[in-house]
Amino acid sequence: MTTSAEPRVSGLETRSIDYVPLDERHGKLWHLGPLWFMSNAQIATLAVGLISITEGGNLIWSLIAIVAGTVIGTFFMAFHSAQGPQLGLPQMIQSRPQFGYVGALLVWLFAYVQYAGFNVFNTILAGEALHTTVHGGVKPWVAAVTVVALVIALVGYDVIHKAEQFLTYTFLVVFGIFTVGVLVTLHYPAGSFDLGAFKWTPFLAQFGVVAGYQISWAIYVSDYSRYLPPGVTVRKTFYWTYFGSALGGIWLMVLGTLLAAWAGKDFDTVASINAAGDKVFSGFGAIVLLFAALGLISVTALNMYGGSLTLISAIDSFKKVRPTVGVRLLTIGLTAALSLAGAMAATSDFLTNFNNFLLLVLYLFIPWTAVNLMDYYIVRRGHYAIAEIFNPHGIYGRWGWHGIISYLVGFVVMIPFFSVGTLYTGPIADALDGADISLFVGLPVSAILYWFLTRSIDVDAETRLAEAEAAELERSAHEHREP
């Protein structure tokens with residue numbers, strides 16, 4: 001479970017989309033637990049637990065839907081984690097073997113929009129939390145949060161892991177007390193725990209949103225495991241990622257459901273947390289919000305870090321990129337600037353509409369995760385010629401039609417099942433009174449179709465090529481260039 005006790009690199013992280021050589025692998029496997037726990041254990045996740053309550057479901061069935069959705073959705077997300085140590089690459093660059101050197105731009109565009117878009121919400125929520133507690137205006141705090149997150153993202157991988165470990169320990173104390181207070185001091189409507197009051201539509205809506213939210217983390221996962229050595233097992237990597245993310249997600253989504261059931265139509269994320277915290281003791285709501293702002297800063301840094309990697313991958317599709325600190329600074333800065341501009345320009349109507357748009361973006365990663373996992377675990381069984389991923393004329397080609405076709409077909413068959421608030425409701429979702437089960441359609445269709453189309457791939461030949469290129473791969477990595 002452990003490797004070298006200390007990192008072999010220091011200062012600002014230089015590596016981005018390039019392969020991490022074996023003698024720079026470091027860290028401990030358990031570090032994945034706090035990172036994925038804290039990534040989910042922040043108050044933006046509260047909103048994911050509101051769907052069933054707002055659509056007329058009762059509290060007990062909302063809680064059951066949250067747990068069930070998390071258990072299933074996190075399963076897919078956590079399997080991506082093992083790809084990082086085995087390949088030594090961040091997550092999205094691994095799409096090239098399925099979608100092609102240029103074809104992977106299809107999913108990278110959507111990924112980048114997700115990173116920048118979520119940061120609009122995260123920074124506004126952090127600004128509101130800080131304005132409520134220490135005042136000074138929401139927008140100045142949005143700017144301050146963005147700058148701090150930018151610095152964390154720029155320093156990179158190791159400081160992100162350390163920050164999430166510290167926040168996890170603090171979270172257990174602050175939110176532990178807050179959760180006990182919510183359970184003990186708040187009163188819930190009559191019938192909240194009546195198992196006989198089951199309603200199919202809000203239950204499915206809550207389940208689908210939770211599962212989709214957990215799957216949306218799939219585009220991040222290998223970014224934070226790629227410095228681990230390849231000797232860590234798939235099973236243990238999966239476990240640390242799965243239980244960290246699932247526990248953090250369930251905790252905050254359950255809190256969201258409890259607060260929404262208590263506050264009713266008056267629910268507001270920041271105001272409700274503040275009011276519920278003050279029921280524990282006067283001023284505790286402010287303490288919870290201040291800590292919550294730190295959690296939002298950390299997840300904003302994660303989005304900047306991942307957005308930078310995705311942007312560098314996209315640029316590399318047109319012009320070879322030499323990994324440098326300057327490249328990371330430029331792309332992280334651009335990602336921060338875009339999310340800051342969005343947050344500053346946001347209005348209440350904008351946020352409502354953009355939230356619907358982000359739900360559509362999340363749909364776009366359901367067929368992607370199906371294709372990526374099918375390729376890694378079933379088709380190629382973890383065997384890739386990594387140097388060829390950086391070769392525009394290599395064995396993976398410029399356009400991976402097997403992956404592109406499987407992705408597009410999977411997405412298209414999901415459309416009738418979509419339910420995106422007031423933006424769009426597909427005919428089948430409409431027949432189900434707005435319940436969204438698109439997840440259960442897109443995942444199997446894309447996965448099975450990709451498996452069928454790739455039966456002729458010569459995995460043994462790719463393995464031999466990988467072995468022949470291994471020495472040059474390590475040498476080029478030490479010279480900070482692509483192979």
Side-chain angles (χ1 to χ4, degrees), residues 14-22 24-25 80-109 111-112 218-223 225-228 230 306 308-323 327 331 368-369 371-404 406-407 450 454 457-483:
T14 299
R15 300 202 179 279
S16 55
I17 63 171
D18 51 322
Y19 167 77
V20 179
L22 295 177
E24 288 185 16
R25 303 297 185 92
H80 288 284
S81 192
Q83 298 171 328
Q86 301 305 313
L87 302 181
L89 297 173
Q91 192 69 62
M92 295 311 291
I93 198 73
Q94 297 174 32
S95 297
R96 279 179 175 169
Q98 301 100 50
F99 295 90
Y101 194 88
V102 176
L105 284 167
L106 172 71
V107 290
W108 293 343
L109 171 63
Y112 192 74
I219 67 173
Y220 299 67
V221 188
S222 286
D223 297 355
S225 63
R226 73 188 196 277
Y227 280 87
L228 291 170
S308 166
L309 294 173
T310 301
L311 188 55
I312 294 171
S313 299
I315 296 170
D316 187 72
S317 296
F318 301 101
K319 179 179 175 58
K320 298 285 280 185
V321 174
R322 185 179 179 89
V327 169
T331 52
W368 170 81
T369 198
V371 168
N372 185 264
L373 291 178
M374 175 60 72
D375 186 64
Y376 185 87
Y377 286 100
I378 305 299
V379 176
R380 289 187 167 94
R381 302 183 298 280
H383 298 294
Y384 292 84
I386 295 172
E388 295 298 301
I389 291 175
F390 298 97
N391 182 358
H393 307 292
I395 61 171
Y396 298 121
R398 295 177 66 80
W399 300 93
W401 292 112
H402 296 152
I404 293 171
S406 302
Y407 176 91
Y450 185 77
T454 55
I457 289 180
D458 190 343
V459 177
D460 291 335
E462 289 189 23
T463 302
R464 291 191 296 270
L465 180 59
E467 292 170 350
E469 295 177 337
E472 171 57 24
L473 178 67
E474 293 289 328
R475 185 164 46 251
S476 62
H478 285 112
E479 296 171 1
H480 286 278
R481 60 178 175 85
E482 293 183 358

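This structure is a prediction, so every number in the text was calculated from the model and none was measured. All residue numbers in this chain count up from 1 along the given sequence. Side-chain atoms are counted along with the backbone in the values below, which use heavy atoms only and exclude waters and symmetry mates.
- With a 4.5 Å cut-off on side-chain heavy atoms, E469 and E388 count as touching.
- No donor-acceptor pair closer than 3.5 Å links the side chain of S222 to the backbone N or O of Q91.
- A heavy-atom distance below 4.5 Å is not found between the side chains of E24 and Y19.
- With respect to the salt-bridge test (charged N to carboxylate O, under 4.0 angstrom), the residues E467 and R464 do not qualify.
- Among D375, V379, L373, the single residue meeting the side chain to side chain contact (heavy atoms under 4.5 Å, CB included) criterion with Y377 is L373.
- Nearest heavy-atom pair across G84 and S225 is CA-OG, 3.4 Å.
- Closest approach of P21 to E474, counting heavy atoms only: CB-OE1, 3.3 Å.
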Side chain to side chain contact (heavy atoms under 4.5 Å, CB included) between R96 and F390: does it pass, once the steps are laid out? CA-CA 9 Å; R96 279 179 175 169; F390 298 97; 4.1 Å; yes
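- The aromatic rings of F99 and Y407 stand perpendicular to each other, their planes meeting at an angle above 60°, with 30° marking the opposite boundary.
- Side-chain contact between L309 and M92 is absent, with no heavy atoms from C-beta onward closer than 4.5 Å.
- Contact check for V327 versus S308: no side-chain heavy atoms found under the 4.5 Å cut-off.
- Minimum heavy-atom separation, A218 to H80: CB-CD2, 3.4 Å.
- The line from CD of Q94 to CD1 of I219 is 13.0 Å long, rounded to the nearest 0.5 Å.
- Note that CG of N391 and CD1 of I386 are 14.0 Å apart. Values are rounded to the nearest 0.5 Å.
- Proximity of W108 to I93: side-chain heavy atoms (C-beta onward) are separated by under 4.5 Å at one or more points.
- Considering only heavy atoms from C-beta on, T454 stays 4.5 Å or farther from Q98 through its side chain.
- With rounding to the nearest 0.5 Å, the separation of NE2 in H478 from CG in L473 is 10.0 Å.
- Scanning both residues, P392 and K320, for their nearest heavy atoms gives CD-NZ, 4.5 Å.
- With hydrogens and angles disregarded, no donor-acceptor distance shorter than 3.5 Å links the side chain of E462 to the backbone of Y384.
- Remark: side-chain polar atoms of T310 are not paired, donor with acceptor, to backbone N or O of Y112 under 3.5 angstrom.
- The side-chain heavy atoms of Y227 and R15, taken from C-beta on, include a pair separated by under 4.5 Å.
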List the steps and the verdict of side chain to side chain contact (heavy atoms under 4.5 Å, CB included) for L89 and Q83. CA-CA 8 Å; L89 297 173; Q83 298 171 328; over 6 Å; no
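- Relative orientation of the H402 and Y450 rings is perpendicular, given thresholds of 30° and 60° on the angle between their planes.
- For the atom pair I312 CD1 and I17 CD1, the distance stands at 6.5 Å (nearest 0.5 Å).
- Of the possible polar contacts, one joining the D18 side chain to the S16 backbone as a donor-acceptor pair under 3.5 Å is found.
- Considering all non-hydrogen atoms of both residues, I395 and A385 come closest at CD1-CB, 4.2 Å.
- D316 and Y101 share a donor-acceptor pair across their side chains, judged by distance under 3.5 Å alone.
- Proximity of V20 to R25: side-chain heavy atoms (C-beta onward) are separated by under 4.5 Å at one or more points.
- With rounding to the nearest 0.5 Å, the separation of CH2 in W399 from CG in L106 is 8.5 Å.
- The shortest heavy-atom contact between D223 and P90 is OD1-CB, 3.2 Å.
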